[in-house]
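Since the structure comes first, as structure tokens, the remarks are kept for the end.
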Amino acid sequence: MSKSPQPTISRRTIFAGAGAAGALAAAAVVLPRAPQPLAAVAAALPEPTATGGYQLTDHVKQYYATARI
């Protein structure tokens with residue numbers, strides 16, 4: 001019966017583990033924050049007085065909500 005060699009921990013494994021731990025720490029910092037409700041932001045904006053130009057529509061609000069970091 002021959003012994004199988006035990007795997008050794010390489011520098012690459014240690015750095016990968018440190019990177020994963022850093023990513024988890026960053027996620028833990030970001031996740032507890034609750035995003036500001038979109039309705040409160042939309043209520044604070046004034047209604048447009050003239051037609052044409054930039055208009056904050058539901059489609060644009062949806063894009064802004066998905067583009068937040």
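Small disclaimer: the values here were computed from a predicted structure and weren't measured.
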Exercise for the section: List the steps, then state whether side-chain contact (heavy atoms from CB on, under 4.5 Å) holds for Q55 with V60. Expected result: CA-CA 8 Å; Q55 295 180 3; V60 174; over 6 Å; no

Taking distance alone, no hydrogens or angles, what donor-acceptor pairs closer than 3.5 Å link side-chain atoms of residues 11-25 to residues at least two apart or in another chain?
unit_1 : atom_1 : unit_2 : atom_2 : d
T13    : OG1    : S10    : OG     : 3.2

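Under the side-chain contact (heavy atoms from CB on, under 4.5 Å) criterion, T66 pairs with Y63, not counting sequence neighbours.
Listed by first then second residue, pairs satisfying side-chain hydrogen bond (donor to acceptor under 3.5 Å, both in side chains) with a partner in residues 15-25 number zero, not counting sequence neighbours.
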